[in-house]
Amino acid sequence: MSQETNDNLNEILQLRKDKLINLQNNNRDPFQITKYDVDNDSKNIELNFDELQEKQVSLAGRIMLKRGQGKVSFYDLQDNTGRIQLFLKKDSLGEDLYNEIKTLDIGDIVGVKGEVFKTKMGQISIRVQEIILLCKSLQILPEKFHGLKDPDLRYRQRYVDLIMDTKVREVFVTRSLIQKYIRTFLDDKGFLEVETPVLSTLAGGAAARPFATHHNALDIDMYLRIALELPLKRLIVGGFDKVYEMSRVFRNEGMDATHNPEFTMLETYEAYADYNDVMQMVEELLNFLVKKLFNSESVIYQEKEISLKPPYRKIKMVDLVTEITGVNFDNIRDLEEAYKQADILKLECNKKESIGEIINIAFEQYVEEKLIQPTFVTHHPVEISPLAKKDFSDPRYTERFELFINGAEYANAFSELNDPIDQKSRFAQQMEKKNNGDEEAHPYDKDFINALEVGMPPTGGLGVGIDRLIMLFTDQKSIRDVILFPTMKPEN
RNA sequence: GCUCCUUUAGCUCAGUUGGCUAGAGCACCUGACUCUUAAUCAGGGUGUCCUGAGUUCGAGUCUCAGAAGGAGCACCA
């Protein structure tokens with residue numbers, strides 16, 4: 001798979017190039033061909049063999065395997081739907097054509113016409129009458145048995161990975177299906193899919209470092225969005241009562257098995273609904289997806305069965321911390337006492353945190369990983385929820401939930417803060433953090449305050465990391481295995 | 001950003017205590033074969049041993065530095 005640009009090719013590559021030059025010199029350049037009439041595919045022939053037996057079909061695809069090479073040859077053709085065997089017989093094709101067929105290489109793309117039949121061994125095949133080279137492959141595909149294993153090569157040359165591994169292909173087909181079903185689900189509920197800017201001068205809606213870029217004509221710095229939240233809420237202000245966007249966001253952070261710098265986020269906003277309504281919708285959505293995909297109410301992830309049958313467990317964050325650590329921070333209102341308990345629990349904090357932040361640290365350190373079956377963790381401390389409405393029965397907390405499955409966060413939602421005065425003071429708090437060196441503090445968005453002053457109805461909002469959801473449904477351990485072209489460092 | 005592991009033919013991999021011309025399978029080339037299934041049989045090795053220094057009579061192997069990838073940690077409310 002080398003990317004040679006000079007003429008110093010190895011023997012095999014040179015041979016293939018010579019074959020191409022030969023064809024071109026004989027006025028038979030495959031690259032001059034613009035189309036081929038295809039009227040069937042391998043899957044359809046397999047499924048409807050009885051009907052198609054002895055019928056003429058026209059197929060196109062890539063040669064993946066060659067067997068025989070005497071006076072009878074068997075080539076495996078791979079198309080968009082699977083593989084089918086080509087039966088090539090010298091007698092019926094004639095010596096010239098048969099010899100020419102022998103010069104075809106694994107990886108070449110051909111168009112084929114012939115009759116459907118079964119070999120003596122019972123293998124569904126095409127008795128080829130016509131075969132035409134549509135594209136000469138000048139590279140060598142990986143080994144037929146082991147395929148492409150090197151993860152570096154798999155991600156950098158995803159096209160080869162997709163050719164060699166049906167399972168990889170299936171993951172991305174499922175990905176597409178999941179996104180389609182999510183749209184179906186939301187559209188049926190009356191949500192409007194919208195598009196909002198990727199480029200803006202302020203990157204808000206989450207706590208993360210943005211990617212910076214520059215607009216030349218305006219001579220201003222701009223940022224790639226880190227969330228969809230603020231523009232979507234402006235649309236709620238504008239009178240669209242149910243909106244969603246499922247699209248790419250960008251965060252300038254480290255990469256690992258669950259983080260890619262660009263990833264797909266779903267955010268929905270529904271006017272006149274609160275976080276309880278959203279919770280119910282999330283249960284419905286996941287159940288809808290698992291039924292559509294597997295006709296089941298559970299999914300197997302890394303050998304663990306995850307039940308997605310509603311209702312899911314609902315519990316306050318502070319109560320979960322009590323349950324796991326034995327320390328009830330809900331009863332602690334004195335900061336010194338909270339620090340004392342934090343020390344006993346060996347929490348990683350620096351004595352600058354508020355009680356709410358300590359609760360969150362305890363949650364992350366002790367609770368998160370234990371939440372295997374779907375769990376709605378609710379009532380996050382107000383300090384870590386700058387865009388969520390307070391719970392007015394206990395304003396230390398917010399009307400918020402996060403859905404945890406398998407120790408990871410799958411959804412984040414809240415009753416949206418629509419009080420412009422409260423929002424202003426939350427932004428002010430974030431500015432203070434920013435001035436103290438927190439690069440991820442939320443920026444002050446003046447126009448968003450203006451929008452809230454115009455008036456946003458009570459609204460329930462939701463964010464879902466789509467890639468992780470796809471990992472769950474396709475049983476993949478790494479986010480790179482559900483993103484076609486994951487971010488990679490250049491190889492020099 | 002830190003720690004550990006990996007990097008040898010187009011692909012998947014082996015390579016002993018530092019030793020003489022670096023191996024296997026697939027792929028490829030030559031030949032045989034008119035129903036094969038990772039076809040088979042006979043012959044053929046196509047290489048920047050990730051890169052750069054160093055130790056040594058001698059380095060794929062040892063040391064140091066670097067690159068890319070992987071796992072874990074940190075970061076990511």
Side-chain angles (χ1 to χ4, degrees), chain A residues 1-4 8-16 18-19 64-76 83 85-93 98 103 105-107 117-125 127 137-157 160-161 164 206-209 226 251-261 263 317 348 353 356-357 359-361 363-364 368 377 380-388 398 400 402 408-409 412 414 430 433 438-442 463 465 477-478 480 486 488-492:
Chain A
M1 294 295 118
S2 65
Q3 308 286 330
E4 314 240 8
N8 192 17
L9 299 176
N10 87 29
E11 195 181 320
I12 308 172
L13 297 176
Q14 188 58 55
L15 245 146
R16 291 200 175 197
D18 290 345
K19 285 181 185 175
M64 295 302 292
L65 227 48
K66 296 168 69 173
R67 290 181 294 280
Q69 295 297 299
K71 293 188 178 64
V72 171
S73 299
F74 303 88
Y75 289 7
D76 281 359
R83 285 192 187 188
Q85 177 169 274
L86 304 181
F87 177 82
L88 303 146
K89 196 173 173 183
K90 192 173 184 176
D91 287 353
S92 43
L93 289 160
Y98 191 74
T103 69
D105 290 302
I106 289 176
F117 81 113
K118 264 187 192 167
T119 63
K120 284 176 187 166
M121 296 301 286
Q123 177 72 52
I124 294 174
S125 307
R127 191 184 294 118
S137 169
L138 298 178
Q139 286 288 352
I140 305 157
L141 288 176
E143 202 215 336
K144 58 188 173 189
F145 190 57
H146 295 94
L148 194 59
K149 283 280 171 301
D150 183 344
D152 191 40
L153 276 180
R154 285 189 47 226
Y155 301 140
R156 287 185 202 280
Q157 300 189 27
V160 177
D161 192 30
M164 297 309 297
R209 290 171 67 180
I226 55 173
R251 295 188 183 177
N252 209 337
E253 292 162 353
M255 299 155 62
D256 61 31
T258 56
H259 296 82
N260 196 65
F263 61 101
M317 180 185 267
E348 286 160 24
E353 292 87 354
E357 284 166 324
I359 293 171
N360 186 49
I361 292 167
F363 175 77
E364 286 176 354
E368 243 180 54
V377 178
H380 297 58
V382 66
E383 304 93 307
I384 61 161
S385 313
L387 299 163
T398 53
R400 176 178 177 189
E402 287 181 304
E409 180 200 329
N412 180 22
F414 30 88
Q430 292 291 317
K433 279 192 177 181
D438 184 350
E439 288 187 73
E440 289 171 356
H442 201 286
K477 284 199 287 281
S478 169
R480 289 184 289 274
M488 301 289 281
K489 274 197 204 177
E491 316 169 273
N492 300 330

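Numbered from 1 within each chain, the chains take letters A, B, ... in sequence-line order. Quick caveat, the model's predicted, so the values are computed rather than measured.
What separates CD1 of A:Ile361 from P of B:A74 is a distance of 13 Å, to the nearest Å. Distance, A:Leu148 CG to B:G10 C1': 11 Å, rounded to whole Å. Across the protein-nucleic acid pair, A:Tyr155 atom OH and B:G70 atom C1' stand 9 Å apart, rounded to whole Å. For the pair A:Leu86 CG and B:U37 P, the computed distance is 17 Å after rounding to whole Å. As rounded to whole Å, 13 Å separates atom P of B:G31 from atom NZ of A:Lys71. Distance, A:Leu141 CG to B:C28 P: 10 Å, rounded to whole Å. What separates CD1 of A:Ile106 from C1' of B:G10 is a distance of 12 Å, to the nearest Å.
Side-chain N/O atoms of A:Arg156 include one lying less than 4.0 angstrom from OP1 or OP2 on B:G69. Dashed line: the shortest gap from a side-chain N or O of A:Lys89 to OP1 or OP2 of B:C35 is not under 4.0 Å. When the side-chain nitrogen and oxygen atoms of A:Lys19 are compared with OP1 and OP2 of B:C29, one or more of them lie within a distance under 4.0 Å. Applying the 4.0 Å criterion to OP1 and OP2 of B:U37, one finds that A:Lys120 has every side-chain N and O outside that range. Taking only side-chain nitrogens and oxygens, A:Arg480 comes nearer than 4.0 Å to OP1 or OP2 of B:G70. When the side-chain nitrogen and oxygen atoms of A:Lys149 are compared with OP1 and OP2 of B:U12, none of them lie within a distance under 4.0 Å.
Between B:G69 and B:U48, the two P atoms lie 22 Å apart (nearest whole Å). Remark: the separation of the C1' atoms in B:C50 and B:U36 is 41 Å, to the nearest Å. Going from the P atom of B:A59 to that of B:A74 covers 43 Å, rounded to whole Å. As rounded to the nearest Å, B:C29 and B:A71 have P atoms that lie 37 Å from one another. Annotation: B:U61 and B:U16 have their P atoms spaced 11 Å apart (nearest Å). Comparing the same atom, C1', in B:A27 and in B:A38 gives a spacing of 12 Å after rounding to whole Å. Rounded to whole Å, the P atom of B:U7 lies 45 Å from the corresponding atom of B:U34. For B:A9 and B:A24, the P atoms lie 14 Å apart once the distance is rounded to whole Å.
Here A:Met164 lies out of heavy-atom contact (under 4.0 Å) with every strand. Using a 4.0 Å heavy-atom cutoff across all strands shown, A:Glu440 reaches sugar-phosphate atoms only and no base atom. Using a 4.0 Å heavy-atom distance criterion, A:Phe87 is classed as a base contact. Across all strands shown, A:Pro386 has heavy atoms under 4.0 Å from base atoms, whether or not it also approaches the sugar-phosphate. When heavy atoms are screened at a 4.0 angstrom cut-off, A:Gln123 is found touching base atoms of the nucleic acid. If you check every strand for non-hydrogen atoms under 4.0 Å, A:Asp76 touches nothing.
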Item to check | Bracket notation of RNA chain B in which parentheses pair within the strand, [ ] cross earlier pairs, and | pairs with another strand (Watson-Crick or G-U, under 3.5 Å) | outcome: (((((((..((((.....[...))))((((((.......))))).)...(((((..]....))))))))))))....
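On a pure distance criterion of 3.5 Å, a polar donor-acceptor pair joins the side chain of A:Gln85 and the base of B:U36. Contact annotation: side chain of A:Glu143 to base of B:G25, donor-acceptor pair present below 3.5 Å.
With B:C26, B:C28, B:U12 as the choices, the nucleotide that has an atom nearest any side-chain atom of A:Asp150 turns out to be B:U12. Taking every side-chain heavy atom of A:Asp91 into account, B:U34 is the closest of B:A77, B:A39, B:U34. Listed nucleotides B:C75, B:U37, B:G69 differ in distance to A:Asp152; the shortest reach to its side chain belongs to B:G69. Relative to the side chain of A:Arg67, the nucleotides B:U34, B:A39, B:C29 differ in distance, and B:A39 lies closest. Relative to the side chain of A:Leu15, the nucleotides B:C35, B:C29, B:C11 differ in distance, and B:C29 lies closest. Distance from the side chain of A:Met121 is smallest for B:U37 among the nucleotides B:C75, B:G69, B:U37. Which of B:A39, B:A77, B:G69 sits closest to the side chain of A:Ala207 comes down to B:A77. Of the candidates B:G70, B:C28, B:A38, the closest approach to any side-chain atom of A:Leu65 belongs to B:A38.
Considering only heavy atoms from C-beta on, A:Thr398 stays 4.5 Å or farther from A:Phe414 through its side chain.
What you find for A:Ala206 and A:Arg251 is that their closest heavy atoms are CB-NH2, 3.4 Å. Nearest approach of A:Arg16 to A:Gln139, heavy atoms of both residues: NH1-O, 2.7 Å.
Rounding to the nearest 0.5 Å places CZ of A:Phe363 at 6.5 Å from CD of A:Glu402.
Checking A:Glu364 against A:Arg16, the closest nucleotide of RNA chain B that is more toward the 5' end is the one next to A:Arg16.
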Item to check | Contact state string [nucleotides 2-8 of chain B, B base, S sugar-phosphate only, - no protein heavy atom under 4.0 Å] | outcome: -------
